[in-house]
*Asks:* 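Structure provided below as C-alpha cells; questions to follow.
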Amino acid sequence: MTPAVEGALRTASTAYRRFADRCRGVEPTLPTRLSGWTVADLVEHVAWGAAMEAAALRTAAGLPASAPERPDLARAIAAFERAADLEVAPTAPVALPAGTVPLAYAAPLFAFEAALHAADLEHALSRRDRPLGAPELEACSVVVGPMLDLLAATVPEEDAVIDLVGLGDGIRLSATGGSWHRGEPDGRAATTTVAGTAHEVIMFVAGRIDATRLDVRGRAEHARRFKTYFPGP
C-alpha cells in the first residue's frame with residue numbers, strides 16, 4: 001500500500017471507532033438529519049457499510065469475503081479494521097455496489113463514508129455540526145469530484161456552469177449538451193458559484209446543509225436545485 005492509501009484506511013477506522021463509541025447507550029429512536037432515519041437506521045447502515053467494505057478489501061487481497069449478512073456494529077468495524085491491515089496493491093480492483101474502483105479511490109471513499117456518518121451521528125446527539133478533521137477533509141477532497149460524476153442525474157434546461165469553491169482546487173460542473181461534465185468549459189464564466197469552507201462544501205454536496213449556509217453568487221436556483229442535479233449520497 002502507499003502512504004495515501006494507508007492514511008485513508010486509518011482515517012476510516014478512526015471515524016468508525018468514534019461512531020461506535022458515540023452511539024453507546026443512545027436512544028435508538030432519536031431522529032437524525034437524514035430524512036426518515038433514526039439513530040437505529042444510521043447504526044444499521046454503518047454496520048452494513050463497514051462489513052461490505054471489509055468484504056471488498058478481503059476480496060481485493062485474494063481472500064474469501066466472509067462477511068455476515070446482517071452484522072452488528074462492533075463485529076463489522078472489527079472486520080473492517082482487520083481487512084484494512086491486509087496488503088493490497090493501490091491498483092487492485094475493489095468491487096463496491098456502485099461499481100469496481102481501484103483501492104487508491106476506494107480507500108478515501110471509505111474514509112469519506114465513515115467520517116460523514118460519524119458527523120451525522122454527532123449532529124443527531126448534539127444538534128451541532130462537528131467539523132471534519134484534516135485527514136477526513138483530505139480524503140473527501142479526493143472523493144467528491146469523481147463521486148459527483150457518478151451521482152449526476154437531472155440536467156437544467158439551459159446550459160449551466162457551477163463552481164464549487166473551498167475544497168481543494170475547486171470543482172467545476174458544467175451542464176452542456178444534455179449532460180453534466182466535470183472541469184469544462186474552462187474558458188467560460190460560472191453561471192453559479194457556491195463558496196465556503198472545505199467542510200461546508202462537503203456537507204453541501206452530501207446534502208447535509210443547504211445553499212443558505214454558503215456564499216452563493218450568480219444564478220441561485222442552481223444552488224437550490226443542486227441535490228436534484230446530484231442526488232445522494
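Hydrogens, waters and symmetry mates play no part in the numbers below; they use all other heavy atoms, side chains included. On a predicted model such as this, the values are computed, not experimentally measured, just so you know.
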*Asks:* If I compare all heavy atoms of M52 with all of P97, which pair ends up nearest, and what's the gap?
*Replies:* SD-CD, 3.6 Å
*Asks:* Heavy-atom count check: over 12 atoms from other residues, nucleotides or ligands less than 6.0 Å from R217 CZ?
*Replies:* no
*Asks:* Rounded at 0.5 Å granularity, tell me how far CZ in F230 sits from CG in D149.
*Replies:* 8.5 Å
*Asks:* Donor-acceptor check, side chain of D41 to backbone of T38, threshold 3.5 angstrom: yes or no?
*Replies:* yes
*Asks:* What heavy-atom pair brings T228 and A153 nearest, and what distance separates the two atoms?
*Replies:* O-CB, 4.3 Å
*Asks:* Counting only N and O atoms by type, is there a donor-acceptor contact under 3.5 Å from the side chain of R182 to the main-chain atoms of G145?
*Replies:* yes
*Asks:* Start with the C-alpha gap between D120 and T32, add the side-chain angles, then the distance that decides, and say whether side chain to side chain contact (heavy atoms under 4.5 Å, CB included) holds.
*Replies:* CA-CA 7 Å; D120 289 335; T32 72; 5.7 Å; no
*Asks:* Is a donor on one side and an acceptor on the other found under 3.5 Å between the side chain of T192 and the backbone of R219?
*Replies:* yes
*Asks:* Could you check if a side-chain atom of L167 sits within less than 4.5 angstrom of a side-chain atom of F204, using non-hydrogen atoms only?
*Replies:* no
*Asks:* Specify the closest pair of heavy atoms between A195 and L214, including all atoms of both residues, with the distance to one decimal.
*Replies:* O-CB, 3.3 Å
*Asks:* Quick check: does any side chain N or O of H117 sit under 3.5 Å from a backbone N or O of L42, one acting as donor and the other as acceptor?
*Replies:* no
*Asks:* Give, for atom NE2 of H123 and atom CZ of R208, the distance between the pair rounded to the nearest 0.5 Å.
*Replies:* 11.0 Å
*Asks:* So if you build clusters from Ile, Leu, Val, Met, Phe, Trp, Tyr with side-chain heavy-atom gaps below 4.5 Å, do V165 and W180 land together?
*Replies:* no
*Asks:* Kindly compute the distance separating CG (D85) from OG (S13), expressed to the nearest 0.5 Å.
*Replies:* 7.5 Å
*Asks:* Would you give the length of the straight line joining atom CD1 of I202 to atom OG of S141, rounded to the nearest 0.5 angstrom?
*Replies:* 7.5 Å
*Asks:* Please test T191 against E158 for side chain to side chain contact (heavy atoms under 4.5 Å, CB included), starting from the C-alpha separation and ending with a verdict.
*Replies:* CA-CA 11 Å; T191 309; E158 75 282 2; 6.0 Å; no
*Asks:* Surrounding CZ of R127 (heavy atoms of other residues, nucleotides or ligands, distance under 6.0 Å), is the total greater than 12?
*Replies:* yes
*Asks:* Any chance you could measure W48, atom CH2, to E53, atom CD, to the nearest 0.5 Å?
*Replies:* 8.0 Å
*Asks:* Look at the side-chain heavy atoms of Ile, Leu, Val, Met, Phe, Trp and Tyr, link any pair under 4.5 Å apart, and say whether L57 and V142 land in one connected group.
*Replies:* no
*Asks:* V161 vs H222, test: side chain to side chain contact (heavy atoms under 4.5 Å, CB included). Steps then yes/no.
*Replies:* CA-CA 9 Å; V161 178; H222 293 311; over 6 Å; no
*Asks:* Taking NZ, NE, NH1 and NH2 as the nitrogens, is one of them in E81 or R17 under 4.0 Å from a carboxylate oxygen of the other?
*Replies:* yes
*Asks:* Just by distance, do the side chain of R172 and the backbone of D163 share a donor-acceptor pair under 3.5 Å?
*Replies:* no
*Asks:* Is E200 salt-bridged to R213, cutoff N-O under 4.0 Å?
*Replies:* no
*Asks:* To check you understand the geometry: which heavy-atom pair defines the closest contact between A56 and A95, and what is its length?
*Replies:* CB-O, 3.5 Å
*Asks:* Is it true that D129 and R33 have a side-chain N and a carboxylate O under 4.0 angstrom from each other?
*Replies:* yes
*Asks:* Does the salt bridge (charged side-chain N to carboxylate O under 4.0 Å, His left out) test come out yes or no for R24 and D21, once each step is laid out?
*Replies:* CA-CA 6 Å; R24 288 194 180 97; D21 290 343; 2.6 Å; yes
*Asks:* Could you tell me which non-hydrogen atom of G232 sits nearest to which non-hydrogen atom of L151, and how far apart they are?
*Replies:* O-CD1, 3.9 Å
*Asks:* Stepwise, does the side chain to side chain contact (heavy atoms under 4.5 Å, CB included) test hold for F19 with V43?
*Replies:* CA-CA 9 Å; F19 183 98; V43 169; 3.9 Å; yes
*Asks:* Just verifying a value: how many Å separate L173 CG and F226 CZ, rounded to the nearest 0.5 Å?
*Replies:* 5.5 Å
*Asks:* Same hydrophobic cluster for L150 and L116, using side-chain heavy-atom links shorter than 4.5 Å among ILVMFWY?
*Replies:* no
*Asks:* For L121 and C23, which heavy atoms make the closest approach, and how far apart are they?
*Replies:* CD2-CB, 3.7 Å
